[in-house]
Amino acid sequence: MDIEDFRIYGKQMVDYICKYLGDLEEKRVTSNVEPGYLTKLLPNEAPFDPEDWEQIKADIDSKIMPGITHWQHPHFHAYFPSGNSFPSILGDMLADAIGCIGFSWAASPACTELETIVLDWYGKAIGLPSNFITSQPNSKGGGVIESSASECVLVTMLAARNAAINYLKKENTQLDDSIFLPKLIAYCSKEAHSCVEKAAKILLVKLRELEPDENGSLRGEALQNAIEEDEANGLTPFFVSATLGSTGSCAFDNIEELGRLCVTQSCTWLHVDAAYAGSAFICPELKYLMSGIEYADSFNANPNKFLLVNFDCSVLWVKNRLKLTTALIVDPLYLQHANSNQAIDYRHWGISLSRRFRSLKLWFVMRKYGISGLQNYIRNHIKLATYFASLVRNDKRFEVMNDVVLGLVCLRLIAPDAINRNLLAKINLSGHLHMIPSCVRGKFVLRFCVVSERAKNKDMDYAWSVIKKFADEVMSSLDIPLTSLSESKAKRFSFTRSVSWDIYKKSLRKGSLYDGATPILVPDDEEMES
Ligand code: PLP
């Protein structure tokens with residue numbers, strides 16, 4: 001493909017994208033293909049001879065699209081939003097064309113400098129304390145774009161582990177770092193995302209998952225009790241991961257209480273994971289949700305969830321960038337450059353060496369929408385979620401199980417879990433809507449998230465009509481009184497927590513039957529189903 005071909009095919013691809021996004025509503029939300037469907041449609045080997053572009057293009061509709069779950073569909077209400085907007089797509093197009101690998105300032109100065117500037121813009125817009133902002137006088141902190149929130153949690157836990165080991169080694173500098181690993185303990189809420197568990201697993205440290213309060217919020221007292229107990233057993237609390245906007249129910253940990261406790265400890269790093277909710281703090285009326293942020297050592301948000309930026313774009317700010325980089329720095333000769341003393345080299349802030357020019361899309365989005373446009377987008381999602389929750393509350397058969405603060409509503413039929421599971425399965429199998437399950441206060445809930453950029457009241461009305469239709473069906477097919485159905489003992493069921501391999505396998509077997517999407521985790525007991 002030469003440049004003239006690209007000019008033609010590139011324009012055709014933009015037309016294709018416009019048609020795809022414009023016609024989404026006519027499609028099923030979820031794919032209904034069977035596992036392995038694509039293997040049957042594609043050859044076993046790559047073509048030896050070049051193929052015609054027209055031929056390749058034809059395969060998109062016939063082979064790829066049938067296996068797509070349409071995350072940008074107005075009736076997709078699963079997970080959290082997968083950020084998407086035209087300015088962001090244009091940013092990625094340009095970044096791909098420039099094709100630089102910005103691991104150091106010298107590797108492409110604009111790539112590094114734009115990242116610093118845009119992260120300062122964003123950090124200021126959401127109200128981070130000034131010591132997180134690179135350009136503030138005397139600031140030791142700064143922001144960096146990572147590939148995912150999981151990576152943000154991993155690198156901050158790593159930095160905290162490094163700092164804690166250095167602290168413990170003070171009097172025994174000759175000892176090997178690994179000797180201190182069994183002493184280290186990290187904390188998070190049981191509602192925290194499973195990436196915290198994964199980070200602890202990778203870093204070979206203990207993790208204690210604490211019980212949140214009845215609103216899903218991890219409180220200072222729970223942390224204090226755990227720390228006292230663990231210190232009495234000779235352990236060193238080195239890391240707390242607090243969540244603002246939990247995955248399961250969009251609950252908010254009390255970072256004020258947790259933070260006040262962390263600062264009294266000798267080496268306890270407080271990280272705040274606000275993967276979804278973080279971008280909402282761009283609205284002044286929501287900043288109260290991050291009260292206590294001044295205690296945090298680090299904070300992450302995903303503009304690729306709730307700020308209309310396409311994946312990948314997870315943003316991490318640290319108060320002390322030296323603590324992060326000392327844990328990650330390796331400096332071979334071939335990567336050194338003359339300006340490393342005056343410039344940021346983001347390769348020391350994360351795991352990978354190679355980095356895409358991701359700040360371009362964030363820059364385009366922030367400029368094209370302006371802060372006011374982004375605030376409107378977030379406020380619209382909140383307004384719609386509140387409206388949707390009111391529809392649910394008006395039906396006496398249902399209850400809303402979470403505090404609807406942002407765009408997430410957790411709802412359930414006031415009935416045993418098995419009924420709710422059937423309801424979700426039927427909805428998802430219909431392809432009319434897509435939601436995923438979660439667990440709130442031990443109960444199975446249907447998790448409904450406002451996702452689409454241009455979501456409207458009519459989409460909420462539509463979603464509610466589909467849910468009600470299947471609720472009628474599920475309830476009318478019941479020939480046993482609700483009271484005779486035992487409540488599930490599904491304490492291990494959760495969107496975010498891990499389970500044993502056996503249970504996981506079981507969930508994969510049943511997943512498509514139940515929710516039209518895998519994986520979901522299945523309770524230990526045999527439930528009434530079908
Ligand atoms: N933290 C929270 C609170 C999340 O909701 C999620 C995903 O939904 C993650 C972390 C993981 O995000 P990522 O996929 O960017 O690693």
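Start at 1 and go down the list; that is how both ligands and their atoms are numbered.
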| request: Between Tyr276 and ligand 1, find which residue part has any heavy-atom pair under 4.0 Å and reply side chain, backbone, both or neither. | output: neither
| message | Polar contacts were defined as any N/O atom of the residue lying under 3.5 Å from an N/O atom of the ligand; does this apply to Gly245 and ligand 1? | response | no
| query | Which atoms from ligand 1 have a heavy atom of Asn302 less than 4.0 Å away? | reply | 15 (O)
| So, for Trp464 and Phe398, is the gap between ring centers shorter than 6.0 Å? | yes
| query | Looking at Lys305, which atoms of ligand 1 are within less than 4.0 Å of one of its heavy atoms? | reply | 6 (C), 7 (C), 8 (O), 12 (O)
| said: Can you confirm, on distance only, whether ligand 1 has an N/O atom lying under 3.5 Å from any N/O atom belonging to Ser246? | reply: no
Side-chain atoms of residues 89-97: list all donor-acceptor pairs with protein atoms under 3.5 Å, sequence neighbours left out, distances to 0.1 Å.
from  : atom 1 : to     : atom 2 : distance (Å)
Asp92 : OD1    : Arg356 : NH1    : 3.4
Asp92 : OD1    : Arg356 : NH2    : 3.3
Asp92 : OD1    : Lys361 : NZ     : 3.3
Asp92 : OD2    : Lys361 : NZ     : 3.3
Asp96 : OD1    : Arg356 : NH2    : 2.7

| task | Evaluate the ring planes of Phe388 and Phe448, with Trp represented by its six-membered ring, and classify them as parallel (under 30°), tilted (30 to 60°) or perpendicular (over 60°). | result | parallel
| task | Pick one of side chain, backbone, both or neither for how Cys195 approaches ligand 1, counting any non-hydrogen atom pair under 4.0 Å. | result | side chain
| message | By the salt bridge (charged side-chain N to carboxylate O under 4.0 Å, His left out) test, which pairs, at least two apart or in different chains, include something from residues 118-132? | response | none
| message | Tell me the contacting part of Glu151 for ligand 1: side chain, backbone, both, or neither, using a 4.0 Å heavy-atom threshold, strictly below. | response | neither
| What is the ring orientation for Phe299 with Phe281, classed by angle as parallel under 30°, tilted 30 to 60°, or perpendicular over 60°? | tilted
| said: I'd like to check which ligand 1 atoms, numbered from 1 as shown, lie under 4.0 Å from a non-hydrogen atom of Phe80. | reply: 5 (O), 8 (O)
| task | For the residue pair Trp317 and Tyr122, categorise the inter-ring angle as parallel (less than 30°), tilted (30 to 60°) or perpendicular (more than 60°). | result | perpendicular
